[in-house]
**Student:** 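Dropping the structure in here first, questions after.
When reading the values below, keep in mind they use all heavy atoms of this one structure, side chains included, and skip hydrogens, waters and symmetry mates.
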Amino acid sequence: MPRKNVAAGVLIRDDSGRILFISPTYKPFLDIPGGLTEDEESPLAACYREVREELGVDLQIGRLLLIDWMPTHGVWRDSVQFIFDGGVLGVEQIEAIRPAANEVSRLEFLHVDAAKQHLRPSMARRVSLAHRALLDGSTYYAEFGRTP
């Protein structure tokens with residue numbers, strides 16, 4: 001039977017509405033916290049695990065904002081990407097973040113438009129749609145970051 005990769009990420013914001021982006025040690029672009037699911041792991045469970053691994057904190061993860069199908073790219077098979085609402089963090093919660101040195105070289109909070117130039121184009125589209133879903137209370141389905 002055909003198989004797809006599944007990944008989950010989260011939009012975490014500060015009290016000014018900026019989104020938390022990470023600089024992965026293994027990618028040249030910014031990303032949001034999250035990653036691939038493991039065998040027998042749900043996208044939401046993967047999101048909790050990845051946030052704990054990458055940021056060193058346990059967060060309350062909210063509603064689903066976006067499901068995005070991604071085509072095959074290089075060695076990566078096609079995939080389904082989920083983005084959840086990570087809520088708004090206060091100063092104390094932000095100060096408690098301890099990035100995993102082997103995975104995250106730095107963190108920064110950016111507005112969506114400022115982040116776009118530092119994201120892969122498909123990720124910029126995905127984050128923009130997830131942010132729109134956050135603001136309008138919707139959940140979107142997309143293909144390669146575009147609504148059909």
Side-chain angles (χ1 to χ4, degrees), residues 4-38 41-71 73-76 78-147:
K4 294 184 182 322
N5 285 331
V6 176
V10 63
L11 288 191
I12 299 169
R13 292 150 348 264
D14 66 8
D15 58 9
S16 351
R18 297 177 303 169
I19 296 171
L20 175 64
F21 290 94
I22 62 172
S23 289
T25 57
Y26 50 89
K27 289 182 186 176
F29 299 101
L30 289 180
D31 210 341
I32 58 173
L36 290 170
T37 60
E38 295 180 352
E41 182 180 47
S42 75
L44 183 59
C47 199
Y48 276 109
R49 177 184 51 76
E50 287 285 345
V51 166
R52 191 176 318 107
E53 288 175 5
E54 292 176 346
L55 305 180
V57 293
D58 288 309
L59 297 180
Q60 216 28 48
I61 296 175
R63 70 183 183 85
L64 177 65
L65 302 173
L66 177 71
I67 300 169
D68 189 20
W69 173 81
M70 298 287 295
H73 179 74
V75 299
W76 296 98
D78 72 320
S79 64
V80 179
Q81 312 273 327
F82 293 79
I83 297 183
F84 295 92
D85 179 3
V88 176
L89 302 186
V91 174
E92 288 180 12
Q93 290 172 298
I94 292 170
E95 289 174 351
I97 293 173
R98 298 290 177 259
N102 62 331
E103 287 190 57
V104 179
S105 61
R106 69 185 169 89
L107 308 169
E108 64 183 299
F109 283 91
L110 296 169
H111 289 287
V112 173
D113 289 337
K116 284 180 183 178
Q117 63 186 330
H118 305 289
L119 298 168
R120 288 184 332 270
S122 60
M123 177 57 90
R125 292 189 302 269
R126 187 176 312 127
V127 167
S128 292
L129 271 174
H131 187 250
R132 186 167 83 188
L134 182 70
L135 297 176
D136 69 17
S138 298
T139 299
Y140 289 104
Y141 169 79
E143 294 184 357
F144 205 37
R146 297 175 180 98
T147 54

**Student:** So, do K27 and R120 sit near enough that their side-chain heavy atoms are less than 4.5 Å apart?
**Tutor:**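 They are in side-chain contact.
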**Student:** How close do P43 and A8 get, heavy atom to heavy atom, and via which atoms?
**Tutor:**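 Answer, listing the atom of P43 first, then A8: O-CB, 3.1 Å.
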**Student:** To the nearest 0.5 Å, what is the distance between CG (L64) and CZ (F82)?
**Tutor:**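 Reported to 0.5 Å precision, the distance equals 7.0 Å.
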**Student:** May I ask you to decide if E95's main-chain N or O and R98's side chain share a donor-acceptor pair within less than 3.5 Å?
**Tutor:**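 Answer holds: yes.
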**Student:** Do V112 and I19 touch side chain to side chain, with heavy atoms closer than 4.5 Å?
**Tutor:**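 Yes, side chains in contact.
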**Student:** Given side chains that start at C-beta, do those of I94 and L20 come closer than 4.5 Å, heavy atoms only?
**Tutor:**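 I94 vs L20: side chains apart.
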**Student:** Do V80 and I67 pass the side-chain contact (heavy atoms from CB on, under 4.5 Å) test, and can you show the C-alpha distance, the side-chain angles, and the key distance before you say yes or no?
**Tutor:** CA-CA 7 Å; V80 179; I67 300 169; 3.6 Å; yes
**Student:** Flag the pair D85 and R63 as a salt bridge only when some basic side-chain nitrogen lies within less than 4.0 angstrom of an acidic carboxylate oxygen.
**Tutor:**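 Salt bridge flag = no for R63 with D85.
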**Student:** What verdict does the side-chain contact (heavy atoms from CB on, under 4.5 Å) test give for I83 and L129, after you've listed the backbone C-alpha separation in whole Å, the side-chain angles of each residue and the deciding distance to 0.1 Å?
**Tutor:** CA-CA 10 Å; I83 297 183; L129 271 174; over 6 Å; no
**Student:** Roughly how far, to the nearest 0.5 Å, is OG1 of T147 from OH of Y141?
**Tutor:**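 Separation between the atoms: 11.0 Å.
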**Student:** Working note: V10 + L59, criterion side-chain contact (heavy atoms from CB on, under 4.5 Å); need CA distance, chi angles, decisive distance, verdict.
**Tutor:** CA-CA 10 Å; V10 63; L59 297 180; 5.8 Å; no
**Student:** So R13 and L134, do their side chains get closer than 4.5 Å, heavy atoms only?
**Tutor:**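 A side-chain contact exists here, since the closest heavy-atom pair is under 4.5 Å.
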**Student:** Checking E54 side chain against G34 main chain: does a donor-acceptor pair fall under 3.5 Å?
**Tutor:**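 Answer holds: yes.
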**Student:** Between CG of D136 and NE2 of H131, what distance do you get to the nearest 0.5 Å?
**Tutor:**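 Between D136 CG and H131 NE2, I get 10.5 Å after rounding to 0.5 Å.
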**Student:** Between K4 and W69, what is the shortest heavy-atom contact and its length?
**Tutor:**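 That would be NZ-NE1, 4.1 Å.
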**Student:** When rounded to the nearest 0.5 angstrom, what distance separates CE in M123 from CE in M70?
**Tutor:**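 Separation between the atoms: 8.0 Å.
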**Student:** For L119 and F29, run side-chain contact (heavy atoms from CB on, under 4.5 Å): C-alpha distance rounded to whole Å, both residues' side-chain angles, the deciding distance at 0.1 Å, then the answer.
**Tutor:** CA-CA 5 Å; L119 298 168; F29 299 101; 5.7 Å; no
**Student:** So, for C47 and F84, which heavy atoms are closest and what is the spacing to 0.1 Å?
**Tutor:**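 Of all heavy-atom pairs spanning C47 and F84, the closest is SG-CD1, 4.1 Å.
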**Student:** Are the side chains of F21 and I32 in touch, meaning some heavy atoms are under 4.5 Å apart?
**Tutor:**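 Of all side-chain heavy-atom pairs linking I32 with F21, at least one is under 4.5 Å.
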**Student:** P33 versus I12: any side-chain heavy-atom pair under 4.5 Å?
**Tutor:**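 Side chain of P33 against side chain of I12, heavy atoms only: contact under 4.5 Å found.
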**Student:** Checking D68 side chain against Q81 main chain: does a donor-acceptor pair fall under 3.5 Å?
**Tutor:**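 Side chain of D68 to backbone of Q81: no pair is present.
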**Student:** Could you give the distance from OG1 (T37) to CD (E50), rounded to the nearest 0.5 Å?
**Tutor:**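 The OG1 atom of T37 sits 9.5 Å away from the CD atom of E50.
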**Student:** Can you confirm whether more than 12 heavy atoms, excluding those of E38, are under 6.0 Å from its CD atom?
**Tutor:**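 Yes - once you tally the heavy atoms of other residues, nucleotides and ligands closer than 6.0 Å, there are more than 12.
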**Student:** Tell me whether S23 contacts the main-chain N or O of S105 through its side chain, where contact means a donor paired with an acceptor under 3.5 Å.
**Tutor:**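 Flag not set: sc S23 to bb S105 has no pair under 3.5 Å.
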**Student:** Please give me the minimum heavy-atom distance between Y26 and E103, naming the atom from each residue.
**Tutor:**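 Scanning both residues, the minimum pair turns out to be CE2-O, 3.9 Å.
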**Student:** Could you check whether any side-chain heavy atom of Q60 comes within less than 4.5 Å of a side-chain heavy atom of Y48, counting everything from C-beta outward?
**Tutor:**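 The answer is yes, as the side chains (C-beta and beyond) meet within the 4.5 Å cut-off.
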**Student:** Measure the spacing between CZ of R125 and CG of L66 and express it to the nearest 0.5 Å.
**Tutor:**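 Going from CZ on R125 over to CG on L66, the span is 12.0 Å.
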**Student:** Looking at side-chain heavy atoms only, is the closest gap between Q93 and V57 below 4.5 Å?
**Tutor:**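 No; the side chains remain at least 4.5 Å from each other.
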**Student:** Looking only at non-hydrogen atoms, find the nearest pair between D31 and P24 and report the distance.
**Tutor:**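 That would be CB-CG, 3.9 Å.
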**Student:** With distance as the sole test, does S122 use its side chain to make a donor-acceptor pair with the main-chain N or O of F144 at under 3.5 Å?
**Tutor:**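 Not a single qualifying donor-acceptor pair exists.
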